[in-house]
Each structure stands twice: as C-alpha cells, then as structure tokens.
Amino acid sequence: MKNIVLFGPPGAGKGTQADFLKTLYHLIHISTGDVFRNNIKGNTALGLLAKSYMDKGDLVPDKVTIDMLKDEVDKHPHAKGFIFDGFPRTSSQATALDNFLNAKGTPISAMIALEVPEQLLVERLLNRGLTSGRPDDQDEAKIRNRFNEYETKTAILVDYYSAQHKFIGINGVGSIEEITDRLRKAIDSL
Ligand code: AMP
C-alpha cells in the first residue's frame, strides 16, 4: 500500500500530476481543495463555512478539514493507497494524519514535494484563473495571501517529514510529462 503526500505551494502542479499518478498506481486521489469546492457547489453547510476562508485565500480551520479528510479516506476501505493533494497543510493536520493512518496500519510512504520558484507559481495561478473560475486564482492579492499561508503554516512540514526520512524533493519546473517522469522514478523507488 502506497500513501503519498503530494506536496508543494499553490500552483506547483499537484492536482495535474495527481491525475496521472492515480491512474498509473491505482491510488485514490483526495484533494481537500476539490472536496471543499464540491461542497460549495452543493451548497452544504461545510461548503458555506469553507467558502468564507477560501475566498480570502486563508486556510480552513484544522478541525473541519481533518474530520472531512478522515471521512473521505473511510469512503474507500479497499483502496490500494492514497494520494493526498493539499493535505496536510499544518502541523496539526500532519500529526492527525499520521495518527489516523498508523492506527489503520497503513502509514505515509513518502512526502513528495514539487519545487517551483514563486514567480512561476504566480504566473501559473493567474493563467489558471482565466479558465478555472476560481476566485482565489484571479486576484494577485489573494494569491499572495495563499503563499503567505503556505510559508507560515505549511512549509514547515518539510521538516516534519524529513525527520521521519520520508521527504523527497522533485524539480517541478518543466513539461507535465517530464515532471510525471520524475515523480514516477521517486514513487518506484519507494
Ligand atoms: P487548493 O485547491 O489545494 O489550492 O486549496 C484551495 C483552498 O482550499 C485553500 O486556499 C484553503 O482555503 C482550502 N484548503 C484546501 N486544503 C486545505 C487544508 N488541508 N487545510 C486548510 N485549508 C485547505
């Protein structure tokens, strides 16, 4: 069983790459951002709450996010493994994920980080905003706030997984195929 945390700042290409990897390795892809967006579309209470944070580029509170993530994992009792995309984003989330998966006897195999310089990330996000319809991709101030959230709350998780010898850094600049190739090499080495 392979449980992979696909990590990186907004715009690093996590969602794009997860789409390929889930097919290649028969893994369940859980994007917490997508689950929130589906809840917003469905007008659920969770969606309404999440929207108030997401529209500003702030992180949704841990408790809500962690409970939601656990529910998503539990929907797939026969999964061969998971790709976590956009989760964990804080230390509490990382600890909760470890506790949850370790109790199931299926720990995280690796945290694979897509490394991309910030200026390229801004360009990618603004470009995506032209077609994604995501309010948080269309405004440079919101994008900067998302980076700030990443720098202050999320980037530290590199240390968390390094301490467990599970961190793998990947160059996230290049064509989609080149990056998929780098990721495959990393995953095949696990
Ligand atoms: P993403 O689709 O991963 O870029 O996430 C979009 C937005 O959803 C983020 O800016 C947060 O507001 C929210 N979000 C997604 N995942 C998380 C998470 N693990 N913790 C807190 N907020 C999250």
Side-chain angles (χ1 to χ4, degrees), residues 1-38 59-60 62 65-116 120-121 124-125 128 146 149-151 153-190:
M1 181 140 178
K2 279 181 178 158
N3 286 325
I4 292 163
V5 171
L6 196 54
F7 191 77
K14 302 185 293 290
T16 304
Q17 293 298 336
D19 270 343
F20 291 110
L21 298 176
K22 71 176 180 196
T23 313
L24 283 167
Y25 294 96
H26 309 290
L27 302 173
I28 302 290
H29 171 207
I30 300 181
S31 153
T32 40
D34 283 349
V35 181
F36 283 135
R37 281 184 288 276
N38 286 336
L59 292 187
V60 177
D62 279 337
T65 308
I66 291 166
D67 287 349
M68 180 187 86
L69 187 279
K70 289 180 179 172
D71 282 350
E72 289 299 314
V73 170
D74 284 337
K75 283 181 190 166
H76 304 279
H78 305 299
K80 282 184 145 190
F82 293 86
I83 302 176
F84 299 102
D85 157 10
F87 187 97
R89 264 178 157 101
T90 64
S91 298
S92 318
Q93 291 180 15
T95 314
L97 182 63
D98 269 351
N99 292 340
F100 179 61
L101 293 179
N102 290 343
K104 291 180 185 292
T106 58
I108 290 292
S109 317
M111 179 239 235
I112 307 183
L114 290 170
E115 297 168 338
V116 180
L120 185 54
L121 295 171
R124 282 187 186 175
L125 289 172
R128 185 171 76 186
R146 286 160 68 199
E149 290 282 73
Y150 176 80
E151 289 304 330
K153 299 174 184 165
T154 308
I156 192 168
L157 297 183
V158 167
D159 297 342
Y160 179 88
Y161 288 100
S162 294
Q164 297 186 24
H165 309 288
K166 290 182 178 174
F167 169 80
I168 302 174
I170 295 284
N171 176 5
V173 181
S175 69
I176 290 177
E177 298 76 26
E178 279 167 347
I179 298 165
T180 309
D181 234 45
R182 291 174 202 148
L183 287 164
R184 288 180 68 168
K185 288 200 181 94
I187 295 172
D188 290 341
S189 74
L190 294 176

Asks: Heavy atoms only: give me the nearest Y160-A94 pair and the separation to one decimal.
Replies: OH-O, 3.6 Å

Asks: Where the side chain of E149 meets the backbone of L59, is there a donor-acceptor pair that is under 3.5 Å apart?
Replies: yes

Asks: Are the charged groups of K185 and D188 less than 4.0 angstrom apart, N to O?
Replies: no

Asks: How close do N102 and P107 get, counting heavy atoms only, and between which atoms?
Replies: OD1-CB, 3.2 Å

Asks: Look up atom CZ in R184 and atom CZ in F20, then write down how far apart they are to the nearest 0.5 Å.
Replies: 11.0 Å

Asks: Using atom types as modelled and distance alone, determine if a side-chain donor or acceptor of R89 lies under 3.5 Å from a backbone N or O of K153.
Replies: no

Asks: So, the side chain of Q164 versus the backbone of A110: is there a donor-acceptor pair under 3.5 Å, distance only?
Replies: no

Asks: If I compare all heavy atoms of S162 with all of F167, which pair ends up nearest, and what's the gap?
Replies: OG-CB, 3.4 Å

Asks: Between D74 and K104, does at least one N-O distance fall below 4.0 Å, as a salt bridge requires?
Replies: yes

Asks: Going from CG on L120 to CG on L125, what distance comes out if it is rounded to the nearest 0.5 angstrom?
Replies: 9.5 Å

Asks: Answer yes or no: does atom CG of L24 have more than 12 heavy-atom neighbours from other residues, nucleotides or ligands under 6.0 Å?
Replies: yes

Asks: Kindly check if the number of other-residue, nucleotide or ligand heavy atoms within 6.0 Å of CZ (R128) is above 12?
Replies: yes

Asks: Would L97 and Q93 satisfy side-chain contact (heavy atoms from CB on, under 4.5 Å), going step by step from the backbone distance to the final call?
Replies: CA-CA 6 Å; L97 182 63; Q93 291 180 15; over 6 Å; no

Asks: At what distance, to the nearest 0.5 angstrom, does NZ of K80 lie from CD1 of I28?
Replies: 11.0 Å

Asks: With side-chain contact (heavy atoms from CB on, under 4.5 Å) as the test, would you mind laying out the steps for L27 and L21 before giving the verdict?
Replies: CA-CA 8 Å; L27 302 173; L21 298 176; 5.7 Å; no

Asks: From D85 CG over to K14 NZ, what is the distance, rounded to the nearest 0.5 angstrom?
Replies: 6.0 Å

Asks: Run the side-chain contact (heavy atoms from CB on, under 4.5 Å) test on V35 and D71 for me, step by step, so that the C-alpha distance in whole Å, both residues' side-chain angles and the decisive distance to 0.1 Å come before the verdict.
Replies: CA-CA 11 Å; V35 181; D71 282 350; over 6 Å; no

Asks: I need the I176 CD1 to Q17 CD distance, nearest 0.5 Å.
Replies: 7.0 Å

Asks: Should the pair F82 and F84 be assigned to parallel (<30°), tilted (30 to 60°) or perpendicular (>60°) ring geometry?
Replies: parallel

Asks: Thinking salt bridges, do E72 and K75 make one under a 4.0 Å N-O criterion?
Replies: yes

Asks: Taking all non-hydrogen atoms of both residues into account, name the closest pair between N171 and R182 and its distance.
Replies: O-NH1, 2.5 Å

Asks: Using every non-hydrogen atom in the two residues, find where D62 and S92 come nearest and quote the distance to one decimal.
Replies: OD2-OG, 3.3 Å

Asks: Give the intermediate values and the outcome of side-chain contact (heavy atoms from CB on, under 4.5 Å) for residues T65 and T90.
Replies: CA-CA 11 Å; T65 308; T90 64; over 6 Å; no

Asks: Could you check T106, I187, I83 and say which one makes a side chain to side chain contact (heavy atoms under 4.5 Å, CB included) with K2?
Replies: I187

Asks: Kindly compute the distance separating CD1 (I108) from CD1 (I4), expressed to the nearest 0.5 Å.
Replies: 9.0 Å

Asks: Please report the closest heavy-atom contact between H29 and G15, naming both atoms and the distance.
Replies: CE1-O, 4.3 Å

Asks: V60 versus F36: any side-chain heavy-atom pair under 4.5 Å?
Replies: yes

